[in-house]
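Notes for the one structure printed next.
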Amino acid sequence: EESSVLSRFQQYLKINTAQPSPRYQEAADFLVSQGKALSLEFQSIELVAGKPLVLLKWEGTNPNLPSILLYSHTDVVPSEHSKWAHHPFSAHLDSNGNIYARGSQDMKCVGMQYLEAIRRLKAERFRPLRSLYLAFSPDEEIGGHDGAEKFARSEIFQGMNVGVVLDEGLASPEDHYRVFYAERSPWWMVIKAVGSPGHGSKLYDNSAMENLLKSIEIITRFRASQFDLVKTGFKAEGDVVSVNMVFLKAGTPSPTGFVMNLQPSEAEAGFDIRLPPTADPESLERRIAEEWAPSSRNMSFSFKQKARTCDKSGKPILTKTDPSNPWWALLENAVQKAGGKIGKPEVFPAATDSRYFRERGLPAIGFSPMANTPVLLHDHNEFLHKDEYLKGIKIYESIIEAYASLDHQGRDGGSRDEL
Ligand SMILES: CSCC[C@H](NC(C)=O)C(=O)O
Ligand SMILES: [Zn+2]
Ligand SMILES: [Zn+2]
């Protein structure tokens, strides 16, 4: 039994779904075959040609109740094969019990654990009251625009009458699981300085380089002030504004590199900024316009990505963790019942597809049952221990049983009351 459970996980891991050319059809065929083997209803939906989203359904005995969506993405990030101890698509199980593969944590584990939990529940003759859906979606790693974003806005999704979404979380090196009720919004900003060109030997004011450097110094000070709040334990990583410089572009190219005695007339820098849901986006935008890229210093700024932090009525987009959201307590209890521990609710520091469901007013909980595990998503040698994987199946069995049995409406918990 254990070896066939692990071998199904390995089979999924071996499908190379790395961006930028994921083998989506292969993954979809595999997932549909898993759905068929479990007698689930299945569809492969191409909201965008060549990017199938596999939707499986286990109909509840009361299909009028809002359904449960067990969500995962099928794509993975690229990897530098030569820097791994085992090939990232070999799904190698080493003598310590670790399974090495790109996607072993992020997040093929979760997708397969949902299926294995359903296999166990079916074997125990469990009958869900609510309908359960499993969605395996493309393109999360590149923003989810052709995946979750279109799906959450589709008629198909509307017809599913979803009441709650489970999506990915992060591994935890401690013995408790991490659980997420919100996420920071990515703002990818480019600032540009212009200035007079001049001889490399000349000292003068307002060169493009000088203007850009002043901005970088100011941004670096802001970064340090936010990081200090984390270092001193006043705030969690997801509760501060992070800003990291991700590129610098300046200089006059020459066949041998760059012209060394010419001060350029333009210079650019790119920043990955993340705003917690409680941040005031207008005040940050003012700070950018007045301090980070002021036109008075010949600076301008633009955004490559600028996700919303609030809904249309100005409320932060988050899932409630108080008793008004029955799904939250149900998850905590179900995990405990299966022998797991849950940490304090957190804001996910990066972006997940949950934002598209939360934007629609639905509660979405970020949870990947991986305790005692280093956080290796997007890293070399991503792995998951087989016992953590197997334990996670039992955890989902307990959660799915509790969720599918909730007999009242259970529509609360989103950041808005109604869709
Ligand atoms: C803007 S979509 C990019 C999504 C990606 N998610 C993760 C988890 O790395 C990120 O936060 O950068
Ligand atoms: Zn992921
Ligand atoms: Zn990822």
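Since we're looking at a predicted model, the values are computed, not measured. For ligands, and for the atoms within them, numbers begin at 1 and follow the listed sequence.
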Using a plain distance cutoff, I'd like to know if Arg274 has any nitrogen or oxygen under 3.5 Å from a nitrogen or oxygen of ligand 1. yes
Out of Asp146, Thr74, Asp75, which residue meets the side chain to side chain donor-acceptor pair (under 3.5 Å) rule with Lys51? Asp146
Taking the six-membered ring for Trp, are Phe383 and Tyr100 parallel (under 30°), tilted (30 to 60°) or perpendicular (over 60°)? tilted
Please classify the Glu183 to ligand 1 contact at 4.0 Å (heavy-atom distances, strictly less than): side chain, backbone, both or neither. neither
Please confirm whether Phe367 and Phe180 have ring centers closer than 6.0 angstrom. no
Does ligand 1 have any atom that is closer than 4.0 Å to a heavy atom of Arg355? yes
Protein contact to atom 9 (O) of ligand 1 [nearest heavy atom, distance to 0.1 Å]: His378 CE1, 3.2 Å
Can you name the one residue among Arg119, Arg120, Gln113 that meets side chain to side chain donor-acceptor pair (under 3.5 Å) with Glu116? Arg119
Going by the atom numbers of ligand 1, which of them fall below 4.0 Å from some non-hydrogen atom of Gln305? 1 (C)
Hey, which atoms in ligand 1 end up nearer than 4.0 Å to a heavy atom of Glu140? 6 (N)
Exercise answer: donor-acceptor pairs, residues 284-298 side-chain atoms, under 3.5 Å, sequence neighbours excluded:
{"unit_1": "Glu285", "atom_1": "OE1", "unit_2": "Lys306", "atom_2": "NZ", "d": "2.8"}
{"unit_1": "Arg297", "atom_1": "NH2", "unit_2": "Ser215", "atom_2": "OG", "d": "2.7"}
{"unit_1": "Arg297", "atom_1": "NH2", "unit_2": "Glu291", "atom_2": "O", "d": "3.3"}

Going by distance only, is there an N or O of Ala351 that falls short of 3.5 Å from an N or O of ligand 1? yes
Considering only N, O or S atoms, which atom of Glu141 is nearest to the Zn ion (ligand 3)? OE2
Of all N/O/S atoms in Asp106, the name of the one nearest the Zn ion (ligand 2): OD1
I need the contact type for Trp188 against ligand 1. Using non-hydrogen atoms and a strict under-4.0 Å cut-off, is it side chain, backbone, both or neither? side chain
Option among Glu26, Arg102, Lys108, Glu141 that satisfies the side-chain contact (heavy atoms from CB on, under 4.5 Å) test with Thr17: Lys108
Keeping Glu388 on the side-chain end and Ala371 on the backbone end, is there a donor-acceptor pair under 3.5 Å? yes
Looking at Gln105 and Ala171, what are the two nearest heavy atoms and their distance? OE1-CB, 3.7 Å
The Zn ion (ligand 3) to nearest N/O/S of His378 below 2.8 Å: yes
Is the Zn ion (ligand 2) less than 2.8 Å from at least one N/O/S atom of Glu168? yes
Looking at ligand 1, would Glu168 count as a contact under a 4.0 Å heavy-atom criterion? no
Protein heavy-atom partner closest to atom 2 (S) of ligand 1 - residue, atom, separation in Å: Gly143 CA, 3.4 Å
Please tabulate, for side-chain N and O atoms in residues 222-229, each donor-acceptor pair with protein atoms closer than 3.5 Å (sequence neighbours left out).
{"unit_1": "Arg223", "atom_1": "NE", "unit_2": "Val243", "atom_2": "O", "d": "3.2"}
{"unit_1": "Arg223", "atom_1": "NE", "unit_2": "Asn244", "atom_2": "OD1", "d": "2.8"}
{"unit_1": "Arg223", "atom_1": "NH2", "unit_2": "Asn244", "atom_2": "OD1", "d": "3.0"}
{"unit_1": "Ser225", "atom_1": "OG", "unit_2": "Phe222", "atom_2": "O", "d": "2.7"}
{"unit_1": "Gln226", "atom_1": "OE1", "unit_2": "Val241", "atom_2": "N", "d": "2.9"}

